[in-house]
Number of protein chains: 2
Amino acid sequence: MLGEKLKELRESNGLVQRQVAAALGVDTAYVSKMENNDKPVSRAKLKSLAKFYHVTEKTLLPYWLAEKVLTVVHNEDCATDALKIVLTEIDKK
Amino acid sequence: MLGEKLKELRESNGLVQRQVAAALGVDTAYVSKMENNDKPVSRAKLKSLAKFYHVTEKTLLPYWLAEKVLTVVHNEDCATDALKIVLTEIDKK
DNA sequence: AGTACATTTGTCCTTTTAAGGACAAGAACA
DNA sequence: TGTTCTTGTCCTTAAAAGGACAAATGTACT
């Protein structure tokens, strides 16, 4: 979800993981894991990535949040119910 | 959300927090916080509570999960977008 | 087949943050 | 006043984040 986006962005900019890694100050393994949703992406890194790929952070944010939500509901069979409850709760306010 | 449910259940069973606290082996402050969503409710405690209130864990689970999701998206203005992304992602599978 | 580069996977370590819970003391209320 | 409920602070333990490194795998080229 977020990882896929990041990979798309990188490739559409004709970049290789090594370059992204350098820009973030981490190694390529780290980048790989972010792109495969194996490591969480911190808000700070999200910002750097957005800048590096020339998109606004705001574009990425929904996917970033979605990823976090997914890890919470992951493997719960009432996930859909729960999400709907949250949705109604949110626009009550 | 979950807290409200727990409080409703307790009151509809004519119980006071002290009794619930005893059943769970914690103090009343803890119970109060759970009912006010100030402390997370562990899965184990959810189970105990369900039994104690004579409802199935399955009834409570969606609210329990929803609460967790809420703490994740809490204060993010793209929360709704994120939730919708997760919903479509889930029933893709 | 062999090398060169890219990506992925797995393990490890350290630091930060969250859970779980006790206690004391302050409100509400009957 | 006594009981219930709430709030705040503190402590300890358990996870999760952040990240390095090595080794494996993939891919493309000649």
Side-chain angles (χ1 to χ4, degrees), chain A residues 1-53 57 60-61 63-76, chain B residues 1-53 57 60-61 63-76:
Chain A
M1 188 168 314
L2 176 62
E4 290 78 350
K5 286 280 163 198
L6 293 177
K7 184 164 194 175
E8 280 170 35
L9 279 169
R10 177 173 57 82
E11 293 179 341
S12 75
N13 279 80
L15 295 165
V16 77
Q17 286 184 352
R18 176 174 37 80
Q19 299 171 278
V20 182
L24 297 186
V26 297
D27 70 358
T28 72
Y30 206 102
V31 175
S32 170
K33 283 171 186 169
M34 291 193 290
E35 290 186 355
N36 288 285
N37 303 312
D38 283 338
K39 278 282 185 186
V41 175
S42 73
R43 189 84 181 240
K45 286 207 171 31
L46 189 72
K47 189 174 204 160
S48 307
L49 286 165
K51 176 168 282 184
F52 195 57
Y53 292 145
E57 197 183 344
L60 257 24
L61 212 51
Y63 298 97
W64 178 81
L65 235 198
E67 197 63 51
K68 295 211 170 302
V69 171
L70 196 61
T71 74
V72 165
V73 303
H74 167 249
N75 272 340
E76 297 284 355
Chain B
M1 188 167 315
L2 176 63
E4 290 78 349
K5 286 280 164 197
L6 292 177
K7 185 165 194 173
E8 280 171 36
L9 279 169
R10 177 172 57 81
E11 293 179 340
S12 74
N13 279 79
L15 295 166
V16 78
Q17 285 183 354
R18 176 174 36 79
Q19 299 172 277
V20 182
L24 297 186
V26 297
D27 69 358
T28 72
Y30 206 104
V31 175
S32 171
K33 283 171 185 171
M34 288 193 290
E35 289 187 357
N36 289 285
N37 303 312
D38 282 339
K39 278 281 186 188
V41 176
S42 72
R43 189 83 182 241
K45 288 210 168 30
L46 189 73
K47 189 174 204 161
S48 307
L49 287 165
K51 177 169 281 181
F52 194 57
Y53 292 145
E57 198 184 344
L60 256 24
L61 212 51
Y63 297 98
W64 178 80
L65 236 199
E67 197 63 50
K68 295 213 170 300
V69 171
L70 196 61
T71 75
V72 166
V73 302
H74 167 250
N75 273 339
E76 297 284 355

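Note that this is a predicted model, so its numbers are computed, not measured. A, B, ... follow the sequence lines: proteins, then strands. Residue 1 opens every chain.
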remark   = Note: for B/Arg10 and B/Lys33 on DNA chain D, the residue whose nearest nucleotide lies more 5' is B/Arg10
key: OP1 or OP2 of C/dT7 under 4.0 Å from side-chain N/O of A/Ser32   = no
key: Side chain to side chain, B/Leu49 and B/Leu9, heavy atoms closer than 4.5 Å   = no
message = Assuming nearest nucleotide by heavy-atom distance, tell me which of B/Lys39 and B/Arg18 is located more 5' along DNA chain D.
response = B/Arg18
task = Write down the distance between CG (B/Asn37) and P (C/dA18), rounded to a whole number of angstrom.
result = 17 Å
query = Under 4.0 Å between a side-chain N or O of B/Gln17 and OP1 or OP2 of D/dT3?
reply = no
request  = Take atom CG of B/Leu24 and atom P of C/dA22, then tell me their distance rounded to the nearest Å.
outcome  = 11 Å
inquiry  = Rounded to whole Å, please give me the gap between CD in B/Glu35 and P in D/dT7.
reply    = 12 Å
ask   = Whole Å only: how far is the CE atom of B/Met34 from the C1' atom of D/dT6?
value = 14 Å
remark   = Separation between CG (B/Leu15) and CZ (B/Arg10), nearest 0.5 Å, reads 8.0 Å
note = note: B/Leu46, atom CG; C/dG20, atom C1'; distance rounded to Å ~ 16 Å
note = Taken to the nearest whole Å, CD/B/Glu67 to C1'/C/dA19 is 15 Å
query = Which distance, rounded to the nearest 0.5 Å, do you find between the CG of B/Leu70 and the CG of B/Leu65?
reply = 12.0 Å
inquiry  = Which nucleotide wins on minimum distance to the side chain of A/Ser42, given the candidates D/dT7, D/dA22, D/dG18?
reply    = D/dG18
remark   = From the list A/Lys51, A/Lys45, A/Arg43, salt bridge (charged side-chain N to carboxylate O under 4.0 Å, His left out) partner of A/Glu57 resolves to A/Arg43
ask   = To the nearest Å, how far apart are B/Tyr30 OH and D/dC10 C1'?
value = 15 Å
ask   = If each of B/Val26 and B/Pro40 is mapped to the nucleotide of DNA chain C with the nearest heavy atom, which maps nearer the 5' terminus, i.e. the 5' end?
value = B/Pro40
ask   = Over how many whole Å does the gap from B/Asp27 atom CG to D/dG8 atom C1' extend?
value = 13 Å
query = Counting only side-chain N and O atoms of A/Lys45, is one of them less than 4.0 Å from OP1 or OP2 of D/dG19?
reply = yes
ask   = Is the distance from OP1 or OP2 of C/dT8 to the nearest side-chain N or O of A/Lys7 less than 4.0 Å?
value = yes
ask   = More than 12 heavy atoms of other residues, nucleotides or ligands under 6.0 Å from OH of A/Tyr63: is that the case?
value = no
